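So the structure is just underneath, and the comments pick up after that.
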Amino acid sequence: MKTIRKGSDDPEVAVVYCTHGDETAGKKAVEKLLEEEPDFSKGVKFVFANEKAFQQGERYVDTDLNRSFPGSSESNSHEERLAADMMEELQDLKVLDIHGTSTSPIPFALFTWSDKETVETLISTGVGDAVEISYTPGCGINHYGGVEVEVGPKGSREAVSQAYRLLKTFLINQGVLK
C-alpha cells in the first residue's frame, strides 16, 4: 500500500484505487488529477491499495483483497495483512473506492450503511444508481465505511474517463477541490 497525502490539513477524505491489481482506471484517474497540480482546499489521502498485485498484473496475490477485511497483521496472506493496514489507514475517513468491471454499465456505487454520512458520500460521487452490499463478506466498505464506484470495463478508456469524472466530482463535493 502506498499513500499520498495532499492538502495542508488532516485528511477527512480518502480515495482508494487498485484494490484489485487489474483494475487500473482509478490509478490512471488519480495520476491525471495529480499531474494537473490542483490546489487542495482540504486534506485528502490517495491510497494505492494493492501495489504488489498491480505490479504482477493480477487481480490479487494470495486472496481477493476485497474479501479479506478486516484482515490480520499476522496472516500469511499478503491481502489479509494489507486489509489490516488499510483498516488503520482509512479509519474515520470518507472513502471513495474506485473499481473496474467486466461489463459496460453506467457507473454505479456500492454501499453498506445508509447512515447520513454514507448517503452524503454517495450523493457527492454524482452517481445516480447505488446498490446496498452489506451481505458481501470481507468487503472493505463493510468495515471502514465509504462508497465503492464501478466505473466501467477494466482496461478501457471509458472506465478511466468515468473514474476521473467521478473522482473530481467527489473531491469537489467534499470541499477538497474548488
Side-chain angles (χ1 to χ4, degrees), residues 1 3-20 23 25-27 29-30 32-33 38-50 64-71 83-153 158-178:
M1 176 177 62
T3 301
I4 298 169
R5 289 177 178 238
K6 293 292 183 177
S8 58
D9 46 349
D10 288 337
E12 298 174 15
V13 171
V15 176
V16 175
Y17 54 95
C18 286
T19 296
H20 298 117
E23 296 178 9
K27 180 180 185 305
V30 168
K32 180 178 177 180
L33 177 77
D39 181 26
F40 291 94
S41 304
K42 288 183 176 179
V44 59
K45 289 182 182 182
F46 294 98
V47 180
F48 184 174
N50 202 341
D64 186 338
L65 175 56
N66 214 22
R67 299 298 178 269
S68 298
F69 288 90
D85 291 343
M86 286 179 68
M87 290 289 296
E88 189 172 317
E89 188 72 31
L90 299 171
Q91 185 176 358
D92 299 324
L93 299 177
K94 289 183 181 179
V95 177
L96 176 69
D97 187 358
I98 302 172
H99 288 258
T101 64
S102 300
T103 62
S104 296
I106 294 172
F108 64 95
L110 306 171
F111 69 98
T112 298
W113 305 304
S114 58
D115 61 6
K116 181 180 177 189
E117 184 172 305
T118 301
V119 171
E120 288 173 356
T121 304
L122 273 169
I123 291 168
S124 73
T125 67
V127 174
D129 297 312
V131 178
E132 188 271 329
I133 62 162
S134 61
Y135 56 85
T136 307
C139 186
I141 63 169
N142 290 354
H143 294 275
Y144 54 73
V147 174
E148 286 184 21
V149 290
E150 300 285 349
V151 295
E158 174 190 11
V160 175
S161 176
Q162 294 283 18
Y164 179 75
R165 183 182 61 78
L166 293 172
L167 170 63
K168 283 198 77 170
T169 299
F170 174 72
L171 294 175
I172 289 167
N173 287 334
Q174 290 295 325
V176 175
L177 295 178
K178 294 181 182 173

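Everything numeric here is computed off the predicted structure, so don't read it as measured data. Values below: every heavy atom of this structure, side chains too, minus hydrogens, waters and symmetry copies.
- By the 4.5 Å heavy-atom criterion applied to side chains, F170 and V13 are counted as neighbours.
- Each of V151, T169, V147, V149 was scored for a side chain to side chain contact (heavy atoms under 4.5 Å, CB included) with V127, with one residue passing: V149.
- Heavy atoms only, all atoms of each residue included: G145 and V95 are closest at O-CB, 3.9 Å.
- Not one N or O on the side chain of N173 forms a donor-acceptor pair closer than 3.5 Å with the backbone of G126.
- Annotation for L122 and A109: closest pair CD2-CB, 3.5 Å, computed over non-hydrogen atoms.
- M1 has its side chain out of reach of F48: every pair of non-hydrogen atoms, C-beta onward, lies at least 4.5 Å apart.
- Between atom CG of residue L167 and atom OG1 of residue T125 there is a gap of 11.5 Å, rounded to the nearest 0.5 Å.
- Residues meeting the ring-ring contact (aromatic ring centres under 6.0 Å, His included) test with Y144, sequence neighbours left out: F69.
- Within the 4.5 Å cutoff, the side chain of E23 has no heavy atoms near those of the T101 side chain.
- Under the salt bridge (Lys or Arg N to Asp or Glu O under 4.0 Å) criterion, the residue pairs touching residues 100-119 are K116-E120, with sequence neighbours excluded.
- Note: E150 CD to F108 CZ = 4.5 Å, rounded to the nearest 0.5 Å.
- Nearest heavy atoms, G146 versus T118: O-CG2, 4.3 Å.
- Closest of all the heavy-atom pairs between N66 and G140 is OD1-N, 3.1 Å.
- The closest donor-acceptor contact from the side chain of T112 to the backbone of I133 lies at 3.5 Å or more, if one exists at all.
- Looking only at atom types and distance, the side chain of S124 has a donor-acceptor partner in the side chain of Q174 under 3.5 Å away.
- In this structure the side chain of P107 reaches within 4.5 angstrom of the side chain of R165, judged on heavy atoms.
- Taking the side chain as every heavy atom from C-beta outward, L177 and F40 approach each other to under 4.5 Å.
- Taken to the nearest 0.5 Å, the CD atom of E148 stands 4.5 Å off from the CD1 atom of I141.
- Of the candidates V176, L96, L166, V176 is the only one forming a side chain to side chain contact (heavy atoms under 4.5 Å, CB included) with L171.
- What you find for A83 and S68 is that their closest heavy atoms are CB-O, 3.5 Å.
- Residue pairs satisfying the salt bridge (Lys or Arg N to Asp or Glu O under 4.0 Å) criterion with at least one member in residues 6-16, sequence neighbours excluded, are listed as follows: E12-K42.
- For the residue pair T19 and L65, the shortest heavy atom distance occurs at O-CD2, 3.5 Å.
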inquiry  = With side chain to side chain contact (heavy atoms under 4.5 Å, CB included) as the criterion, how do F46 and T3 come out once you've worked through the C-alpha distance, each side chain's angles and the decisive distance to 0.1 Å?
reply    = CA-CA 6 Å; F46 294 98; T3 301; over 6 Å; no
query = Given T136 and R67, is the side chain to side chain contact (heavy atoms under 4.5 Å, CB included) satisfied, shown in steps?
reply = CA-CA 8 Å; T136 307; R67 299 298 178 269; 3.4 Å; yes
